[in-house]
Amino acid sequence: PIPSEIILPFSGFVASRGDLNIWITILVATLAAYLGSLPFYLIGRWGEKSVMKFLGKYGKYLFITKSDLDKGFKAFDKYGNGIVLLGRLIPIVRTVISFPAGVAKMNFTVFSIYTLIGTAIWSTILGMGGYFLGSKWEEVSVYVSKYEKVIMVLLVILFVLYVARGIYNIVKEKKEVKKTK
C-alpha cells in the first residue's frame, strides 16, 4: 500500500549503507510490481463489466476512480500494447493500465514482458536514485536531525494529502454519477 515513489528511494538509501543489495532490491521490486499487476489484468480478461464491478467494490480502497480508469482505457486505445510498457512510468496510468490490457485480451506473454521491462525501468530509476542520494546521507543527516520534526510533519502532510486526494476523487466521481442519472 506504500507508493513505490516512497519505498524504493528509501530502499536504495538502505542499500547504499550496505544493509541491502541494490540489485536484489530492484529485482524484488520489479517482480512485486509485476505480481501486483496480474490481478488487475486477470479481472480485465473477464471483461469490462468485471472491471467496473471490481472498482465499484474495491476501487475506493485503492484510490482508483472511474476517471483514472478512463484515462487508462483512453491511453490503451490511443497507443495500443506499447502503453503497457511506457505506462509503467506514468503516474495513474501505471496503476490502471492492466485493466484495459486485460479487457483488450492482450497476449499474456507480451503483457508480462512489457510489464516486467517497464517496472524494471521504474524500479531502477527510483532505487538507484535513493542509492546515489544515500551516499550523501551523512552530510544531509546533520540538517535532517535539526529539522527532523519538520520533515516528519511534512511527510505526514504529504501522506494525508495523498489520501485526501483519493477520497476527493471518489466523492467527486460519485457526484458526477448522480448527476448523469
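Just so we're clear, the structure is a prediction, and the values are computed from it rather than from any experiment.
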To the nearest 0.5 Å, how far apart are OH in Y131 and OG1 in T124? 13.5 Å
Drop me the distance from L85's CG to I113's CD1, to the nearest 0.5 angstrom. 11.0 Å
Measure the CG-CZ distance between D19 and F13 for me, rounded to the nearest 0.5 Å. 8.5 Å
Please list, chain by chain and in numerical order, all residues satisfying side chain to side chain contact (heavy atoms under 4.5 Å, CB included) with L35, sequence neighbours excluded. L38
Is any side-chain heavy atom of F111 closer than 4.5 Å to one of V84? yes
To the nearest 0.5 Å, tell me how far I22 CD1 sits from F132 CZ. 8.5 Å
Quick check for you: to the nearest 0.5 Å, what is the distance between N169 atom CG and K174 atom NZ? 12.5 Å
Heavy atoms, side chains only, cut-off 4.5 Å: are S123 and L8 in contact? yes
Please answer whether the main-chain N or O of S112 pairs with a side-chain N or O of T115 as donor and acceptor at a distance below 3.5 Å. no
L86 with I97, same ILVMFWY side-chain cluster at under 4.5 Å: no
Residue pair K78, I83: steps toward the side-chain contact (heavy atoms from CB on, under 4.5 Å) verdict: CA-CA 9 Å; K78 186 173 182 178; I83 193 64; over 6 Å; no
Apply side-chain contact (heavy atoms from CB on, under 4.5 Å) to N81 and Y114, showing your working. CA-CA 8 Å; N81 292 351; Y114 284 6; 4.0 Å; yes
Examine distances only and state if a side-chain atom of S37 and a backbone atom of Y34 form a donor-acceptor pair shorter than 3.5 Å. yes
Is the ring pair F54/F99 parallel, tilted or perpendicular, if the boundaries are 30 and 60 degrees? tilted
Are M128 and S16 close enough, and set up right, to give a side-chain contact (heavy atoms from CB on, under 4.5 Å), and what steps lead you there? CA-CA 9 Å; M128 293 304 280; S16 75; over 6 Å; no
Would T30 and R88 satisfy side chain to side chain donor-acceptor pair (under 3.5 Å), going step by step from the backbone distance to the final call? CA-CA 11 Å; T30 299; R88 299 297 172 192; over 6 Å; no
I'd like to know whether R45 forms a side-chain contact (heavy atoms from CB on, under 4.5 Å) with F108, so could you lay out the CA-CA distance, the side-chain angles of the two residues, the decisive distance to 0.1 Å, and finally the verdict. CA-CA 10 Å; R45 291 287 291 208; F108 181 74; 5.5 Å; no
Here's a test for you: under side chain to side chain contact (heavy atoms under 4.5 Å, CB included), which of T25, L20, N21, L27 qualifies with W23? N21
Is L116 linked to V28 within one hydrophobic cluster, defined over Ile, Leu, Val, Met, Phe, Trp and Tyr using a side-chain heavy-atom separation of less than 4.5 Å? no
Taking all non-hydrogen atoms of both residues into account, name the closest pair between G118 and L89 and its distance. O-CD2, 3.8 Å
Enter the distance from S98:OG to F40:CZ here, rounded to the nearest 0.5 Å. 7.5 Å
Report, as yes or no, whether the 6.0 Å neighbourhood of atom NZ on K105 holds more than 12 heavy atoms from other residues, nucleotides or ligands. yes
